[in-house]
> 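Quick one: structure below, then a few questions.
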Amino acid sequence: AYSLTENAPSPFHAEPAHMELTDYRGAGLHWHSEDVGTVWCSPGSPVVFGVNGLGLVTVYAKDVALLPDWQQRLWAGFNVSPEGGVGEELYEIQAKGDHVETSAPESLFRRGIKLLNTQAQEKLGFRLFREHDEFEAIIARTHRFRSTERGGFFALAKDVARLTADSIDVSGLHKIAPPPADKKQGSLKSLEAVLALKVGADEARRLVGPLFGVLELRHADAHLPSKELGDAFGLVGVNPDHTFVIQGKRLLQACSTALFEIREALEGWSSQGS
């Protein structure tokens, strides 16, 4: 550990470690801002953490020292040499006492699904995303810390696709923009066709692009050709040279932005689709 200033507490750096901290009964994870949240192994033992620019979890050592011994040992097991400094937002909130006006993509993703469903119900007459029995379980694990290695990144993409492309009410979209009789049309193409009625084909393609990218990435473990894999990374705005946690964050940011922009595109929709 090292000191930010003479009087500042020492930051404690840890690898996300596949979020082993949240594997215990009663454990949880809650986001306060883009890169600051609270995690707990058991009720009554929350720790405020930040994520730095390298994707490392940073907490103040004094906060870990207040935990029960068994939790201290758990944290110590994933301690790493400090790299990248303390998380900027964590420093702003805990060391300086400032308020940070940002939102985590994990929180925005959940909110985006809800708001887009509400907008679709109002403007199109049906919820865009069908009810999903496993919604809460899936979205609880839809966070950047799933992406600590390549397989985890693709698993994150798979769950995002399950909550978006796989859950779209295609039959409702086809009533608005019927597909060609001789052509099979998937859920995202059907959504794109409906949006094109309002914003034009090029803008509709751009809006749905990140969701297409996620759909491609879910198949990456089936040996997606390198060019197609590169195209998919581009659609979700992910640089594969970044650390895996940052890649997971960027993927969620791109999809969250897409959900909010699609909602905005439906804002002026009339019953005639104009």
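Along the sequence shown, residues carry numbers from 1. Scope of the values below: all heavy atoms of this structure, side chains included, with no hydrogens, waters or symmetry mates.
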> Is any side-chain N of the basic residue among Arg218 and Asp159 closer than 4.0 Å to the acidic one's carboxylate O?
no
> Would you say the side chain of Glu88 lies within less than 4.5 Å of the side chain of Asp35, judging by non-hydrogen atoms?
no
> Is it the case that Thr102 and Glu89 place a side-chain donor and acceptor less than 3.5 Å from each other?
yes
> Please enumerate all residues that pass side chain to side chain donor-acceptor pair (under 3.5 Å) together with Lys96, with sequence neighbours excluded.
Glu92
> Do the side chains of Lys249 and Glu106 get close enough for a salt bridge, i.e. N-O under 4.0 angstrom?
no
> Less than 4.5 Å apart, any side-chain heavy atom of Glu192 and any of Phe212?
yes
> Restricting to non-hydrogen atoms, name the atom on Asn117 and the atom on Leu128 that form the minimum distance, rounded to 0.1 Å.
OD1-N, 3.0 Å
> Carefully, step by step, assess Trp40 and Phe49 under the rule ring pair (Phe, Tyr, Trp, His ring centres under 6.0 Å).
CA-CA 10 Å; Trp40 57 94; Phe49 69 88; 9.9 Å; no
> Are Arg250 and Gln247 linked by a side-chain donor-acceptor pair shorter than 3.5 Å?
no
> Is any side-chain N of the basic residue among Lys123 and Glu267 closer than 4.0 Å to the acidic one's carboxylate O?
no
> Answer yes or no on whether Arg150 is positioned over the face of Phe153, meaning its NZ or CZ is under 6.0 Å from the six-membered ring centre and within 45° of the axis.
yes
> Output, in order, the C-alpha distance, side-chain angles, deciding distance and verdict of side chain to side chain contact (heavy atoms under 4.5 Å, CB included) for Ile168 and Ser190.
CA-CA 9 Å; Ile168 288 176; Ser190 299; over 6 Å; no
> Can you check whether Val51 reaches Thr58 side chain to side chain, under 4.5 Å on heavy atoms?
no
> A cation-pi test, strictly: NZ or CZ of Arg110 under 6.0 Å from the centre of the six-membered ring of Trp31 and no more than 45 degrees from its axis. Yes or no?
no
> When you compare the side chains of Ser42 and Ser45, does any donor N or O come within less than 3.5 Å of an acceptor on the partner?
yes
> Walk me through whether Leu56 and Glu83 qualify under side chain to side chain contact (heavy atoms under 4.5 Å, CB included).
CA-CA 8 Å; Leu56 289 175; Glu83 292 184 70; 4.1 Å; yes
> Is the NZ or CZ atom of Arg111 positioned over Phe109's six-membered ring, under 6.0 angstrom from the centre and within 45° of the axis?
no
> So do the side chains of Lys198 and Leu266 get within less than 4.5 Å of each other, counting heavy atoms only?
no
> Would Lys227 and Asp231 pass as an ion pair if we require N to O under 4.0 Å?
yes
> Would you indicate whether Gln121, at its atom CD, is surrounded by more than 12 heavy atoms from other residues, nucleotides or ligands within a distance under 6.0 Å?
yes
